[in-house]
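Worksheet: one structure, shown below.
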Amino acid sequence: MTRLLTKNSRLKTKGFMLTEVIFSLFITILVLSILQNLLLSIKKASMNENQHVNDVAYAYVQLNNFMHAENTKNVYPITKDAKSNRTAFVRVDKNCEEEMYTIEYYLKNHVLKVSKAGADRGGYMPLIFNIKSAHFATKKDQIIIHVVEKDKKKSDLVFKLDEEPRPEREKKIVKNKGKREVRPKSETLLGLLLCLNLIKNKR
């Protein structure tokens with residue numbers, strides 16, 4: 001009888017230990033699964049953040065390189081026609097040929113784009129996609145673009161440009177307005193002598 005009880009207690013102990021092992025393995029697998037999902041979520045969030053930064057940085061570099069190309073002599077913003085929903089700049093090459101471009105937010109496709117102004121402007125160059133809104137601040141030597149993306153992330157693109165040059169003709173007009181034409185006395189005397197000679201000859 002005693003031997004039977006001992007055997008039964010041993011079996012119960014072995015069964016209890018097996019249950020503990022299975023339960024411990026289940027808990028371990030569950031914890032590892034939760035940790036794996038957590039790590040994947042963190043990695044995905046980090047990748048999305050890096051993608052956002054990369055998109056904005058690439059857009060800035062792309063437009064800045066376009067503005068300051070190798071054949072560019074100077075580039076300046078157009079302040080007189082600037083608005084909060086779009087802006088424009090002029091790029092002057094080394095042959096002094098000018099080309100105007102506009103930067104605007106295209107609401108239909110939710111994209112920030114650059115296009116050539118004028119009748120023959122053709123297509124456009126996209127800068128950033130999935131834009132919720134974009135506002136422009138145009139100064140005499142700067143263009144600032146405030147961008148809000150669909151995921152509510154905000155960025156500011158600041159482009160340092162040249163000031164708009166004043167035409168040489170306007171400068172000369174301004175200078176000449178403050179000057180009076182004064183003829184020297186010698187020219188006045190010569191004119192009088194010529195008049196007197198003409199009168200004598202007629203007589």
Side-chain angles (χ1 to χ4, degrees), residues 39-178:
L39 289 172
L40 287 172
S41 299
I42 293 170
K43 186 178 180 181
K44 187 177 179 181
S46 178
M47 287 177 67
N48 290 335
E49 182 66 25
N50 290 335
Q51 184 67 29
H52 160 73
V53 173
N54 290 338
D55 288 345
V56 173
Y58 179 74
Y60 176 83
V61 172
Q62 186 182 17
L63 183 54
N64 193 64
N65 288 343
F66 177 75
M67 288 176 168
H68 302 280
E70 288 185 5
N71 65 334
T72 301
K73 183 179 179 182
N74 59 349
V75 54
Y76 56 89
I78 305 297
T79 54
K80 60 181 180 180
D81 296 328
K83 296 180 180 179
S84 61
N85 61 346
R86 67 177 179 86
T87 188
F89 66 92
V90 173
R91 191 175 65 175
V92 185
D93 62 19
K94 292 179 181 179
N95 296 324
C96 295
E97 293 182 1
E98 297 182 354
E99 288 183 337
M100 184 185 293
Y101 297 88
T102 59
I103 312 172
E104 58 187 331
Y105 168 55
Y106 191 31
L107 179 61
K108 185 178 179 180
N109 293 341
H110 300 284
V111 61
L112 188 69
K113 65 173 187 174
V114 180
S115 57
K116 189 176 180 181
D120 59 338
R121 65 181 189 175
Y124 64 87
M125 178 177 68
L127 291 176
I128 311 176
F129 293 95
N130 298 321
I131 298 296
K132 184 180 180 182
S133 65
H135 298 280
F136 301 87
T138 308
K139 301 180 180 181
K140 63 180 182 179
D141 60 351
Q142 268 187 351
I143 289 178
I144 304 171
I145 308 173
H146 306 284
V147 176
V148 180
E149 298 183 65
K150 283 187 175 181
D151 54 4
K152 297 182 180 180
K153 292 178 180 177
K154 298 179 181 179
S155 304
D156 290 340
L157 307 180
V158 182
F159 298 93
K160 183 68 178 176
L161 307 177
D162 303 308
E163 291 188 25
E164 183 177 0
R166 294 180 64 185
E168 292 296 326
R169 185 171 57 185
E170 289 184 9
K171 288 181 182 179
K172 289 178 182 178
I173 291 170
V174 171
K175 287 180 181 179
N176 291 334
K177 278 183 180 178

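We number each residue from 1, following the sequence as shown. Just so it is clear, the structure is predicted and the values come from calculations on it, not from any experiment.
Using cut-offs of 30° and 60° for the angle between ring planes, the Y60 and F159 rings count as parallel. Using bins of under 30°, 30° to 60° and over 60° for the plane-to-plane angle, the ring pair F66/F89 lands in the perpendicular bin.
Considering all non-hydrogen atoms of both residues, V111 and L127 come closest at CG2-N, 4.5 Å. The minimum heavy-atom distance linking A134 with L112 is given by the pair CB-CD1, 4.1 Å. The heavy-atom pair separating P126 from Y124 by the smallest distance is CD-O, 3.6 Å.
Rounding to the nearest 0.5 angstrom, the gap separating the OG atom in S155 from the CD1 atom in I145 is 11.0 Å. For the atom pair H135 NE2 and I144 CD1, the distance stands at 14.0 Å (nearest 0.5 Å). In this structure, the separation between NZ on K94 and CG on N71 is 7.0 Å, given to the nearest 0.5 Å. Within the model, atoms CD of Q142 and CG of L161 stand 8.0 Å from one another, a figure rounded to the nearest 0.5 Å. The line from CZ of F136 to NZ of K83 is 12.5 Å long, rounded to the nearest 0.5 Å. To the nearest 0.5 Å, the span separating CD1 on I78 from OG1 on T138 amounts to 9.5 Å.
V148 is listed as a side-chain neighbour of K154, based on a closest heavy-atom distance under 4.5 Å. Proximity of E99 to V90: side-chain heavy atoms (C-beta onward) are nowhere separated by under 4.5 Å. Annotation: side chain of V147 is not in contact with side chain of Y105 (no heavy-atom distance under 4.5 Å). Residues D93 and K73 form no side-chain contact, since every pair of their non-hydrogen atoms from C-beta on lies 4.5 Å or further apart. A heavy-atom distance below 4.5 Å is found between the side chains of M125 and Q62. Within the 4.5 Å cutoff, the side chain of L63 has no heavy atoms near those of the L157 side chain. Within the 4.5 Å cutoff, the side chain of V56 has heavy atoms near those of the E149 side chain.
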query: Can E104 and K113 be said to form a side chain to side chain contact (heavy atoms under 4.5 Å, CB included), step by step?
result: CA-CA 6 Å; E104 58 187 331; K113 65 173 187 174; 3.4 Å; yes

- request: Step by step, work out the side chain to side chain contact (heavy atoms under 4.5 Å, CB included) result for Y76 and V92.
  value: CA-CA 9 Å; Y76 56 89; V92 185; 4.0 Å; yes

field: Trace of the side chain to side chain contact (heavy atoms under 4.5 Å, CB included) decision for T79 with K139
entry: CA-CA 6 Å; T79 54; K139 301 180 180 181; 6.0 Å; no

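Although no hydrogens or angles enter the test, the distance criterion places a donor-acceptor pair under 3.5 Å between the side chain of D162 and the main chain of V75.
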